[in-house]
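Note sheet for the following structure.
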2 protein chains.
Amino acid sequence: MDRRTELLNCAENVARRHGYDGFSYADLAKEVGIRKASIHYHFPSKADLAVALIERYASTHAEALAVIDETSELASDRLAAYVQGYRKALSGGAKICLCAAFSVSRDSLTDEALRELDAFRGNSLNWLEKTFQLANKDGSVSHSAEPAEEAAALLATVEGAQLVARAANKVSDFDQATKLFLSRLP
Amino acid sequence: MDRRTELLNCAENVARRHGYDGFSYADLAKEVGIRKASIHYHFPSKADLAVALIERYASTHAEALAVIDETSELASDRLAAYVQGYRKALSGGAKICLCAAFSVSRDSLTDEALRELDAFRGNSLNWLEKTFQLANKDGSVSHSAEPAEEAAALLATVEGAQLVARAANKVSDFDQATKLFLSRLP
DNA sequence: GTCTATAGTTTGATAGAC
DNA sequence: GTCTATCAAACTATAGAC
């Protein structure tokens, strides 16, 4: 694995644990095993690193959604996999979604980073809306309502569930918060 | 208003905009109009300030819930007021709940602050569960399920809705995310 | 209670040798 | 690509005068 990737992995990890304002180049240097100054060779400024982080996160996320679509036919199976993805990303209550972590510190981000963040959210919502449209056709989700409303509600639910689970450092809080939605699936 | 209260107001404001790691005594000093060092007289350390913030936030929140109970009889009216409270607290997309903001930076908090945070969440969940129990009796919320599940789901929904609204700086995103739940109310 | 002054650390970032 | 050395700025916090 090249250094740049290694740094991105480490930065994503620590950013999702502490937020954008909660980590420094010193943290990365310590964990990756090079000096602070060397990181600036890969990412001249922290703002550059933030943009790179969100970009990679967005494309990884998009791929994951594509895999879900290939793997599952039913809307209910796809949505269950979606929720499960956020559950797994929690790492037992230690991390949250990068998007959520960065949203709190949005005033520290550059315009470019904010645009990337917005694009990420847009992609998520589009996929969810599309999937709830499918749900209305295949009937796999009980009393399914307006796709756009369902999409926004589920996104808020999984992000909020991560947040409360992070607050208590307990995955079970995520499970409790998502149980109601999952009970609508077969 | 005494200085301590003034400082708490200012700190709560900026903490809810930037998170715990995103504000400093310098920010407060600038806005309140005294020197950095003077703040240490009121709050010896930032950790003390954090605890005071959560304590006050929790009691204010508890009072607000009590007022809702006095004002409304129906569970549906109470829950609508609850959601509306989180909407108002958003300040147009500029701030989120203190609990949510602090959850992201939980690793920077002391054990005492974490305990207070936990108590806050516990109180919220208790009130919600109690209110959903009422809903099951007065029938004002459509297809109401297990109170504990409903409570956890709604807490996650409003916190997640704040987060996505903060990400985009748009209240309308909060509205879209909470629309589905509100449609279950008369 | 608030001030000045300052300590000691950490931050993001740059210059230049290798 | 990574290093040492260094910078200016910001950070939390303390001592002591008023």
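Convention: sequence-line order gives letters A, B, ...; per-chain numbering from 1. Only heavy atoms go into these numbers, but all of them, side chains included; no hydrogens, no water, no symmetry mates.
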Quiz item: Start at the 5' end of DNA chain C and walk down; is the nucleotide closest to A:Pro44 or to A:Ala26 reached first?
Solution: A:Ala26

Quiz item: What string of B, S and - do you get for nucleotides 1-6 of chain C 5' to 3' if you count protein non-hydrogen atoms under 4.0 Å?
Solution: BBBBB-

Exercise. Take the protein atom CG of B:Asp27 and the nucleotide atom P of D:dC11, then report the distance between them rounded to whole Å.
Key: 6 Å

Exercise. May I have the distance from B:Tyr25 (atom OH) to C:dT11 (atom P), rounded to whole angstrom?
Key: 19 Å

Quiz item: Could you give the NZ-to-P distance, from B:Lys46 to D:dT14, as a whole number of Å?
Solution: 15 Å

Quiz item: Just checking, any donor-acceptor pair under 3.5 angstrom between side chains of A:Ser45 and A:Asp48?
Solution: yes

Quiz item: Using 4.0 Å as the upper bound for N to carboxylate O, is an ion pair formed by B:Asp118 and B:Arg121?
Solution: yes

Quiz item: Is it the case that more than 12 heavy atoms not belonging to B:Arg35 sit under 6.0 Å from its CZ atom?
Solution: no

Quiz item: Closer than 4.0 Å, any side-chain N/O of A:Ser24 to the OP1 or OP2 of C:dT11?
Solution: yes

Exercise. Strictly below 4.0 Å, heavy-atom distances to any atom of DNA chain D: list the hits from residues 99-115 of chain A, or just say none.
Key: none

Quiz item: Got more than 12 heavy atoms from elsewhere within 6.0 Å of CD, A:Gln133?
Solution: yes

Quiz prompt | Residues B:Asp69, B:Lys130: salt bridge by 4.0 Å N-O rule | solution = yes

Practice problem: May I ask you to say whether A:Arg166 pairs ionically with B:Asp107, meaning some side-chain N is under 4.0 Å from a carboxylate O? | Solution: yes

Exercise. Starting from C1' on D:dC7, measure out to NE2 on A:His40 and report it in whole angstrom.
Key: 12 Å

Practice problem: Tell me what B:Phe43 touches on the nucleic acid: a base, only sugar-phosphate, or nothing, going by heavy atoms under 4.0 Å. | Solution: nothing

Self-check item: Residue pair A:Tyr20 / A:Lys46, side-chain heavy-atom distance below 4.5 Å
Solution: yes

Quiz prompt | Presence of salt bridge, A:Arg56 and A:Glu12, under 4.0 angstrom | solution = yes

